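Keep in mind that the numbers below use all heavy atoms, side chains included, and drop hydrogens, waters and symmetry copies. Computed from a predicted structure; not experimentally measured.
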There are 2 protein chains.
Amino acid sequence: MSVQQTGSGPKASAAAPITARRAATRQRLLTAAAAVIAERGANGASVEAICEEAGFTRGAFYSNFSTKEDLLYALMQDKHQFLLDGIRRILDETAHAPVPAGADVIDDLVDKVLAANPVDRQARLMETEIGLYMVRNPEQAPVLQQVMQPFHDELARLVMEGLARAGRRLTVSTEDALTLLIAGYETGTTHLWFGPHPGEQSELDACRRALTLIIKSMSEPV
Amino acid sequence: MSVQQTGSGPKASAAAPITARRAATRQRLLTAAAAVIAERGANGASVEAICEEAGFTRGAFYSNFSTKEDLLYALMQDKHQFLLDGIRRILDETAHAPVPAGADVIDDLVDKVLAANPVDRQARLMETEIGLYMVRNPEQAPVLQQVMQPFHDELARLVMEGLARAGRRLTVSTEDALTLLIAGYETGTTHLWFGPHPGEQSELDACRRALTLIIKSMSEPV
DNA sequence: TGTATTCGATACAGTAATGTATCGAACGGG
DNA sequence: CCCGTTCGATACATTACTGTATCGAATACA
């Protein structure tokens with residue numbers, strides 16, 4: 001995952017020279033936070049517990065993040081970056097490659113994107129937790145907006161590009177399209193709350209099918 | 001809502017004679033808890049805060065509940081009871097009444113049930129929070145099971161009865177049917193996280209449409 | 001290798017929440 | 001109206017977490 005980035009939040013403190021050691025510490029803290037948050041919730045995850053999970057003391061934490069919220073935003077950005085990078089890469093790789101015989105372009109792209117973004121119980125729980133945490137602290141709505149806006153914009157751009165690749169165009173507003181996509185993703189993955197299941201593979205298939213269905217029903221051939 | 005019940009959890013301590021005063025206190029605590037949990041999350045909702053919201057001190061709390069979990073289970077049961085009672089009542093009332101001219105039986109029932117169960121931001125946030133809280137404490141899975149099983153059973157029974165009323169029968173397993181219904185409900189309501197919206201009414205309509213669609217697609221005329 | 005600086009550990013004070021033990025007031029039965 | 005019981009308030013000890021200030025070790029750079 002590892003997004004190297006100076007500022008931990010939207011506040012982009014561009015001046016800090018980052019050593020490799022610091023970057024590694026930061027990353028270990030982020031990874032640990034994801035685990036602890038999934039397990040205990042964003043509220044229940046104390047800075048203490050996150051540091052323990054990462055094998056540090058709180059000194060390391062406060063040296064890298066100003067507050068827990070700061071870390072949450074960093075986590076979101078990390079995930080967003082990873083997702084966007086994955087989609088971009090897939091679009092690049094398939095730019096001039098022919099679609100596998102007999103396969104639909106959309107199906108193919110959805111498959112690849114989902115494969116590149118492993119969705120597991122921990123990831124899903126963490127996403128929900130962070131979402132709730134944000135929703136619950138509306139005083140930070142502007143900051144959240146600053147984090148989400150670029151993500152939404154870029155995601156929209158990539159979706160459009162994917163559609164163009166498939167020779168399609170949206171029949172609904174871009175905004176609605178994103179809402180639908182995200183809802184589809186969440187619906188298809190929330191069952192993961194309840195842990196790994198015998199039929200898990202097929203349930204991720206359900207997510208895949210839901211997404212392709214949504215994409216096709218909100219667009220039309222050019 | 002008010003479900004009067006001796007035990008606060010599945011542990012059914014049948015021996016306590018409940019005074020009206022006690023029942024009222026208990027109810028006020030439950031109502032306050034719903035509000036505080038929606039606002040702060042299940043973890044963030046301290047016993048202290050719940051009591052303050054209810055206008056009591058913690059003395060009242062510990063006199064009525066042994067622990068916060070105890071209260072959470074009571075809250076779930078309360079909601080379940082309310083939902084089931086509502087459905088039962090609607091089925092009873094419409095038992096021999098003719099369906100309004102031009103209306104579908106299923107549409108009619110779904111409308112009535114949703115109308116009887118106001119779904120608002122607070123309710124939805126609280127449901128999510130409690131769900132997460134439960135999921136996160138798997139050591140209590142058996143207790144949760146004890147609470148959920150009767151609810152699922154009775155809900156399934158009522159759904160079957162409603163279907164029979166409409167001259168339909170399930171084409172999927174009962175278990176799958178419940179999963180689909182609950183997923184539909186959650187999908188249709190999770191947007192409420194983000195607060196009241198201009199289009200809120202129409203979005204509850206979306207929930208209604210989703211539910212009728214799901215019901216019809218998982219059953220067939222007899 | 002020597003040295004300046006960065007980074008993370010440690011110690012400390014302050015705050016919030018928990019659960020228990022006890023007390024006094026409201027309430028119901030007679 | 002009175003008395004015994006119930007119920008909720010208060011006070012206390014304890015625990016967990018936070019944030020800051022300081023110190024020592026690891027690291028980069030010459």
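B:F65 places its CZ atom 13 Å from the P atom of D:dC7, with the value rounded to the nearest Å. Separating the OH atom of A:Y62 from the C1' atom of C:dC7 is a distance of 17 Å, rounded to the nearest angstrom. Atom CZ in B:F61 sits roughly 12 Å away from atom P in C:dT20 (whole-Å rounding). In this structure, B:E52 places its CD atom 16 Å from C1' of D:dG8, rounding to the nearest Å. Look at CZ on A:R28: it is 14 Å from C1' on C:dA9, rounded to the nearest Å. Note: CZ (A:R26) to P (C:dG8) measures 11 Å, nearest angstrom. Separating the CD atom of A:E53 from the P atom of D:dC17 is a distance of 14 Å, rounded to the nearest angstrom. Computed from coordinates, the B:L29 CG to D:dC7 C1' distance equals 12 Å when rounded to whole Å.
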* Derivation and outcome, side-chain contact (heavy atoms from CB on, under 4.5 Å), residues A:M218 and A:L181 -> CA-CA 10 Å; A:M218 70 190 193; A:L181 274 179; 3.9 Å; yes
* Asked: Passes side-chain contact (heavy atoms from CB on, under 4.5 Å), A:L30 versus A:Q77? Steps please.
  -> CA-CA 11 Å; A:L30 284 176; A:Q77 286 190 309; over 6 Å; no
* When you look at A:L109 and A:I87, which way does the side-chain contact (heavy atoms from CB on, under 4.5 Å) test go after all the steps? -> CA-CA 9 Å; A:L109 287 177; A:I87 297 179; over 6 Å; no
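Looking at which nucleotide of DNA chain D each of A:G44 and B:A60 is closest to, the 5′-most match is held by B:A60.
Using a 4.0 Å cut-off between a side-chain N of Lys or Arg and a carboxylate O of Asp or Glu, B:D108 and B:K112 qualify as a salt bridge. Contact check on B:R88 versus B:D85 returns a salt bridge, with a Lys/Arg side-chain nitrogen under 4.0 Å from an Asp/Glu carboxylate oxygen.
Contact check, A:R22 against D:dT27: no side-chain N or O comes under 4.0 Å of OP1 or OP2. Phosphate proximity of C:dC7 to A:N64: absent, as no side-chain N or O sits under 4.0 Å from OP1 or OP2. Contact annotation: B:R21 does not reach the phosphate of C:dC27 (side-chain N/O to OP1 or OP2, under 4.0 Å).
Among the heavy atoms of the strands lying under 4.0 Å from B:F56 are primed sugar atoms or P, OP1, OP2 only; no base atom is included. Within the nucleic acid shown, A:T57 comes within 4.0 Å of at least one base atom, counting heavy atoms only.
Residue-to-nucleotide contacts include a donor-acceptor pair under 3.5 Å from the side chain of B:R58 to the base of C:dG19.
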